[in-house]
Amino acid sequence: MGSPWKPFLLLSVISGLSEFAGAVAARPVSYAAVLRMKTDSSSALNSHGRPRQHHRGGLGTREWPVFSSHPLSSVSLLGSQEDDMSEENEEFGPFFIHEPDDIIFPLDSNEKKVVMHCEARGNPAPTYSWSLNRTEIDAEADYRYSIYDGNLIINNASVTSQYGMYQCKAENSFGTILSREALLQFASLAHFHTVTQIQTAFKEETVVNCTPPPHSPEIIYSWVFNEFPSFVAEDSRRFISQHTGNLYISKVQPSDVGSYICLVKNTVTNARVLSPPTPLTLKTDGIMGEYEPKIEVHFPTSVLAARGATVRLECFALGNPVPTITWRKINGNIPKKARLRKSQAVLEIPNIQLEDSGTYECKAENPRGGTAFKGHLQVYIYKSMLLHNDLLLDPSGDIRSLCVSTGTSAAHLTWIFANSLLSPTKRVCWTSRAICSHRCSLCSYIHYYCMLHTSFSSCYLQVRMKYWHHIASVLQVDKLPLIITDEYQIVIWCFDKGNYCNSTKWKSGERAVSLFLMILLLRNNTLRIVNSSRADEGSYVCRADNQFGSAEMTAVLWVKDAMRVELSPHRVEVTVGESVVLSCKATHDSSLDVTFQWFFNQRPITFQQDGGHFEYIQTESSTVDLMIRNILLKHAGRYGCRAQTSADTVIAEAELLVRGPPGPPGVVIVEEITDTTATLSWTRGLDNHSPISTYNLQARSPFSLGWQTVKTDPDPVTGDLESAMAVRLNPWVEYEFRVVATNAIGTGDPSVPSRGVRTKEAETVPSVAPANVSGGNGRRHELVILWEPVSEEFQNGEGFGYIVAFRANGTRGWKEKMVTSADSTMYKYRDETFPPLTPFEVKVGVYNNRGDGPFSKVVIIHSAEGEPKEAPSDVKAYSISASEIRLTWKPSPGPGRPKGYEVCYWKDMEQQEAGKKQRTVKNETTTILTGLEGNTLYQFTVKGFNSVG
């Protein structure tokens, strides 16, 4: 037979399981501990069995550390150890390598397969089967299921038939194991019902309901105002509950009137659907005035949460004036890690622990009174299991295994042996915690199975053992040096390879180690030296004995002076764009080499990937500098210098504060709007270590050239304000607003623009007349009048139009025509009684629903001229070449001035209708005809034309 299993590695497994079970926060995890030993009559130190095979599913090797990782940490002499799980041909029962995990599968996924993973090891190789909701799946009979290498593949999965708890079973001739149960869910999000509701709000408050469509799993709610993507911004007046999905508005304002659309988003698939719009109207009759708060939405009276989860408690109140929300914990303090969100309407507690349990109270107050709500938060721990076993007994001795549940909820434990529920016998006794078996025969297997059930979950633990006898042996390491610094604690382990030792002794040099306050021998033969000094240097030998023989392990201990590290400057303030040098100096034992590493906010600095801002400078063997060039705001934080020798590691830190322009202010909200003013509010952004001195308010409209700074009240807007009024706006114009902060360093980035709002109508007529009134041309007997339209920002309200007034020059009385389109730029008047080119006096005015505005200045515009009445005279033709002829003529006399001439020419043997035409440029009286046929007679006509004909 080969060499034995190493029980000290199995002890590490049990310890690791205990630590893991204590760390589980939100979900139980089952695990299988496989405990095996085998007999060998020869010494472990002299065995000549076949080479051991490294098992990928087994435990990793541990190496001897050469220095501590941090001051005052323990140094453990663990030793190198082969991780041989089994002989090549040794048979053993199954154990899990991978167990199935919970899955949420999107129904709209292009991949129609769901794969539940399961992998186990064993010899003979295990076979697999699966169950759904505790009912075995027949993969051969049901085409929807197939099993490949232990994995369960589900084809065309559906909610109705595949939703539920899945469990993997692996078995071979030595036993059967069950995995943890894994839940398969399906992610989906349906559409809203197309029903539109009309919501009427009184002046004080309103609640806009959102009835979500069928969905799985959780969804996130948000609201759109009027049109996507204009989202409702939450503040002290407006709150969106992630519990009900409803929108709550306290102290409704005219700017809240519009259409509201509920948007829900699936947390798994990110799919989004919009509800039909809900119009919100404002009803001002029956006003209640000021009244005390009433809490409209709150967390349940009893909240149950798993340890490690994030808990969100909601509390929002309606009232006039708008209530203020405060929180407290009855008989305790709110955890420091808690955060207040959404104008204090949400209390968020991350990574919740048992000590965070208790009664929490939210209180809503305004000048008219107050009200409060209390609820109890209970934190629970999911059940898991710990395994306790005596790992080695004499083959004729007793065995005892302990299966202990951890957690805060009630649990039920069941033991199984040979795939059946275990019943007490003369050889086997058990309780809800432990199982014991008496007088095991040599080389026999004992295979037990512990199941734990709670209201939250189930988990499973397998115990499988094989027993042999063996001679004493310990981990062999010859004089491996351990280097530490003085005043440290060191732990030197002496591992019994098989728990075969009757006694273990320590000595230093030739003398036995004297145990006192500074040198302790622990229960597991570990030697601990506290507050070490140079006097503790030397060789330490551990000797193990039993009736079959003995073995020794030797370690050499060196003690050095502790290293000191100084990082300067310790705290430094710089301005954006400047540079700084941090110097790190280490004082250490001269016999040791030192290495350095720089950190930024506890993360190593990668000098090649930081845009050239960082430079590592080695000035001396024990001193390094960090140069930070062209500093940006993102470089503010804590910088660490880690100096490391083979004896110890020391870290020193320095703080870098970066002053810079302010960050962008928070969300800009238009609180109130008139015809020429808008009251804005915002939240403060980061001042970046330089106080904000002023804020600038900027506006943008469809008629402005980008963002323009607007006049404000007060002027200037000082840095301590979070609200101001934009003045001198134009009536009936849609504006967006943003805010920019300035400090002594400079001006920061602007805030996100507010939603677009339109100023109200002015109570005055338009104040700007049309510009650039002109005209002319057109057809005979037409008067054409043109102007530039008045921009919407100067129309001052609805019902805007133009008044076109004109009269023949020298006459009395104006003719006025109304043009109702605000975008019109032309008016045509036709009268066959006036001759061509008649001069008219023309002016264009404006009006709206409030009345008539100003007229433009009077200009002279001529009516259209007539078409030319007489043909050109004295037409002459000259042959220039075989293909060219020059034509000349005299201009047409009489009325109807031509703006050009049209020449028509054709061969003498053709009809005039087949002739070609050519027009002159402007009013020229000569032209050259090209591309003609030689020795051919041509005929010509010339006529004038203008815009009339």
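For clarity, every value in this text was computed on a predicted model and none was experimentally measured.
Within the 3.5 Å criterion, the main-chain N or O of Thr676 finds no donor-acceptor partner in the side chain of Thr759. With Asn270 contributing its side chain and Lys265 its backbone, the two residues share no donor-acceptor pair below 3.5 Å. With hydrogens and angles disregarded, no donor-acceptor distance shorter than 3.5 Å links the side chain of Glu792 to the backbone of Val733. With hydrogens and angles ignored, the 3.5 Å screen pairs a side-chain donor or acceptor of Asn688 with a backbone N or O of Pro661. Checking side-chain atoms of Asn366 against main-chain N and O of Tyr291 turns up a donor-acceptor pair under 3.5 Å.
Between Trp732 and Phe800, the gap from one ring centroid to the other reaches at least 6.0 Å. Between Phe225 and Tyr260, the ring center distance clears the sub-6.0 Å criterion.
Few gaps surround CD on Glu355; more than 12 heavy atoms of other groups in view lie less than 6.0 Å from it. No more than 12 heavy atoms of other residues, nucleotides or ligands shown are found within 6.0 angstrom of CG on Asp823. Remark: Glu734 CD is packed, more than 12 non-hydrogen atoms of other residues, nucleotides or ligands lying under 6.0 Å away. Heavy atoms of other residues, nucleotides or ligands lying less than 6.0 angstrom from NE2 of His376 number more than 12.
Under the 3.5 Å distance criterion, with hydrogens and angles disregarded, a donor-acceptor pair is assigned to the side chains of Arg659 and Thr575.
Salt bridge present: Lys363 and Glu365 bring a charged side-chain N and a carboxylate O closer than 4.0 Å. Between Lys342 and Glu348, none of the side-chain N atoms (NZ, or NE/NH1/NH2) sits under 4.0 Å from a carboxylate O, so this pair counts as no salt bridge.
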Identify every side-chain donor-acceptor pair in residues 308-316 under 3.5 Å, counting partners at least two apart or on other chains, and give the distances.
unit_1	atom_1	unit_2	atom_2	d
Glu314	OE1	Ser241	OG	2.6
Glu314	OE2	Gln242	N	2.7

With a cut-off of 3.5 Å and sequence neighbours excluded, list every side-chain donor-acceptor pair involving residues 715-724.
unit_1	atom_1	unit_2	atom_2	d
Thr718	OG1	Asp720	OD1	2.4
Ser723	OG	Leu680	O	3.0

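Legend: ring-ring contact (aromatic ring centres under 6.0 Å, His included) pairs involving residues 337-364, not counting sequence neighbours: none detected. Sorted by first then second residue, the ring-ring contact (aromatic ring centres under 6.0 Å, His included) pairs that include residues 699-724, not counting sequence neighbours, number zero.
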One pair to check against side chain to side chain contact (heavy atoms under 4.5 Å, CB included): Ile352 and Leu377. What are the steps and the verdict? CA-CA 10 Å; Ile352 196 162; Leu377 173 62; 3.2 Å; yes
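Taking every heavy atom of both residues into account, Val572 and Leu656 meet most closely at CG1-CD1, 3.3 Å.
For Glu671, the side chain to side chain contact (heavy atoms under 4.5 Å, CB included) criterion is met by Arg237, Gln253, Ile669, Thr679, Ser681, not counting sequence neighbours. With sequence neighbours excluded, the residues forming a side chain to side chain contact (heavy atoms under 4.5 Å, CB included) with Ser357 are Gln378, Val379, listed by chain and number.
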